[in-house]
Amino acid sequence: MDSAVNPANNPTDAIPEAKQPSPAGSSNNANVTKRLQTELMTLMMSPSPGISAFPNETNFLEWTATIEGPEGTPYSGLSLKLSFAFPSNYPYSPPTVLFKTPIYHPNIDFSGRICLDILKEKWSAIYNVQTVLLSLQSLLGEPNNASPLNGQAAELWDTDFEEFKRLVLARHRDLSDEELAA
């Protein structure tokens, strides 16, 4: 089968061509694009179970990611979509990461914003999309209740785990492609 028809035969064929950057800041954008292409290749060639990410068709600096809820957590069996927006100085500044799928969690608010130190003051250029997704997947099973964005969720996690699980399932819903693009 021709690799152009089946990108799985040659993973590099599946990497979208990056749009040419504008002259202003072109070296920055070129460096960011090169870094992101390397990260995409790593994700494709050495995937981690339960996570995936791919750039959007129209903008290489915006990605959609998926985390499969880890076994043994209230999120087991759920698929959660996220958005990544990379700044022009990535990897020296963290991406903006939001949960697009509605989620009930102590460290995630109802707008999808995430309280995770590696996405803020503990960010390092050694982190990448894969490490962020693995950290978020871990956070699903081990929230930081010391600094919750959702106080009710943090309290229920500690006091009424069955009610917590019920609210996780009540809030979760799969999103259509149109909802993800919005």
Side-chain angles (χ1 to χ4, degrees), residues 32 35-36 39-40 42-43 46-56 59 61-177 179-182:
V32 172
R35 166 74 182 243
L36 290 174
E39 289 191 32
L40 179 59
T42 300
L43 281 166
S46 303
S48 295
I51 64 166
S52 64
F54 205 73
N56 297 347
N59 185 346
L61 299 180
E62 295 178 4
W63 290 29
T64 299
T66 303
I67 295 176
E68 300 300 327
E71 291 298 318
T73 72
Y75 307 94
S76 179
L78 302 180
S79 181
L80 305 158
K81 300 288 186 188
L82 302 95
S83 66
F84 277 70
F86 297 93
S88 61
N89 62 344
Y90 180 79
Y92 303 107
S93 290
T96 299
V97 183
L98 296 171
F99 273 87
K100 300 301 267 183
T101 302
I103 183 170
Y104 187 78
H105 188 277
N107 304 117
I108 304 161
D109 71 13
F110 286 152
S111 297
R113 293 179 298 228
I114 305 162
C115 181
L116 182 63
D117 58 357
I118 68 162
L119 292 175
K120 307 274 188 268
E121 72 279 355
K122 299 280 185 179
W123 175 258
S124 169
I126 63 169
Y127 296 136
N128 58 35
V129 172
Q130 192 168 35
T131 57
V132 168
L133 289 172
L134 289 170
S135 293
L136 289 170
Q137 190 178 47
S138 176
L139 186 68
L140 294 176
E142 299 174 20
N144 177 2
N145 285 345
S147 62
L149 283 178
N150 180 337
Q152 177 197 34
E155 185 177 327
L156 286 175
W157 178 276
D158 290 332
T159 62
D160 190 348
F161 202 65
E162 288 307 310
E163 178 64 4
F164 180 89
K165 290 194 291 189
R166 188 189 72 74
L167 291 171
V168 164
L169 296 175
R171 178 131 175 86
H172 181 271
R173 67 181 175 84
D174 291 324
L175 299 177
S176 67
D177 290 340
E179 289 174 301
L180 279 173

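When a residue number appears, it is its place in the shown sequence, counting from 1.
- By the 6.0 Å contact criterion, OH on Y92 is open, its count of non-hydrogen atoms from other residues, nucleotides or ligands being 12 or less.
- Under a cut-off of 6.0 angstrom, the local environment of CD in E68 is crowded, with over 12 non-hydrogen atoms contributed by other residues, nucleotides or ligands.
- Looking only at side-chain heavy atoms (C-beta outward), R171 and F110 come within less than 4.5 Å of each other.
- Taking 4.5 Å as the limit, every side-chain heavy atom of N59 sits out of range of all side-chain heavy atoms of F86.
- Using cut-offs of 30° and 60° on the angle between ring planes, the pair F164 and Y104 is tilted.
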Item to check | Intermediate values then yes/no, side-chain contact (heavy atoms from CB on, under 4.5 Å), L36 and F84 | outcome: CA-CA 12 Å; L36 290 174; F84 277 70; over 6 Å; no
Checklist entry - Could you walk me through whether L80 and L136 pass the side-chain contact (heavy atoms from CB on, under 4.5 Å) check? => result CA-CA 11 Å; L80 305 158; L136 289 170; over 6 Å; no
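- N145 approaches P106 most closely through the heavy-atom pair OD1-CB, 3.2 Å.
- The closest side-chain heavy-atom distance from V129 to I51 is not below 4.5 Å.
- Relative ring orientation between H105 and W157 is described as tilted, the plane-to-plane angle lying within the 30° to 60° band.
- To the nearest 0.5 Å, atoms OG1 (T101) and CD1 (I67) are separated by 9.5 Å.
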Next on the checklist: Checking L119 against I114 for the side-chain contact (heavy atoms from CB on, under 4.5 Å) test, could you report, in this order, the C-alpha distance in whole Å, the side-chain angles of both residues, the deciding distance, and whether it holds?
Outcome noted: CA-CA 8 Å; L119 292 175; I114 305 162; 4.3 Å; yes
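- Surrounding CD of E142 are at most 12 heavy atoms belonging to other residues, nucleotides or ligands under 6.0 Å away.
- Between atom CG of residue L140 and atom OG of residue S76 there is a gap of 11.0 Å, rounded to the nearest 0.5 Å.
- Taking 4.5 Å as the limit, some side-chain heavy atom of S135 sits within range of a side-chain heavy atom of L116.
- Remark: side-chain polar atoms of D117 are not paired, donor with acceptor, to backbone N or O of K122 under 3.5 angstrom.
- The two residues A154 and P148 have their closest heavy-atom pair at CB-CB, 3.7 Å.
- Rounded to the nearest 0.5 angstrom, I103 CD1 and K81 NZ are separated by 13.5 Å.
- The main-chain N or O of R113 is never found under 3.5 Å from a side-chain atom of S111 such that the two would form a donor-acceptor pair.
- The shortest non-hydrogen separation linking L43 to A53 is CD1-CB, 3.9 Å.
- Considering all non-hydrogen atoms of both residues, F161 and P74 come closest at CZ-CG, 3.5 Å.
- To the nearest 0.5 Å, the span separating CG on L167 from CG on L156 amounts to 6.0 Å.
- Nearest heavy atom pair, residue D174 against residue S79, reads OD1-O, 3.9 Å.
- Using a 4.5 Å cut-off on side-chain heavy atoms (C-beta onward), T131 and L134 make no contact.
- Residues L82 and K100 form no side-chain contact, since every pair of their non-hydrogen atoms from C-beta on lies 4.5 Å or further apart.
- Side-chain contact check for Y90 versus P95: some heavy-atom pair is nearer than 4.5 Å.
- Residues L40 and F54 form a side-chain contact, since some pair of their non-hydrogen atoms from C-beta on lies under 4.5 Å apart.
- Ion pairing between a basic and an acidic side chain is recognised when a charged N comes within 4.0 Å of a carboxylate O; E39 and R35 show such pairing.
- Here CD of Q137 is found 8.0 Å from OG of S48. Values are rounded to the nearest 0.5 Å.
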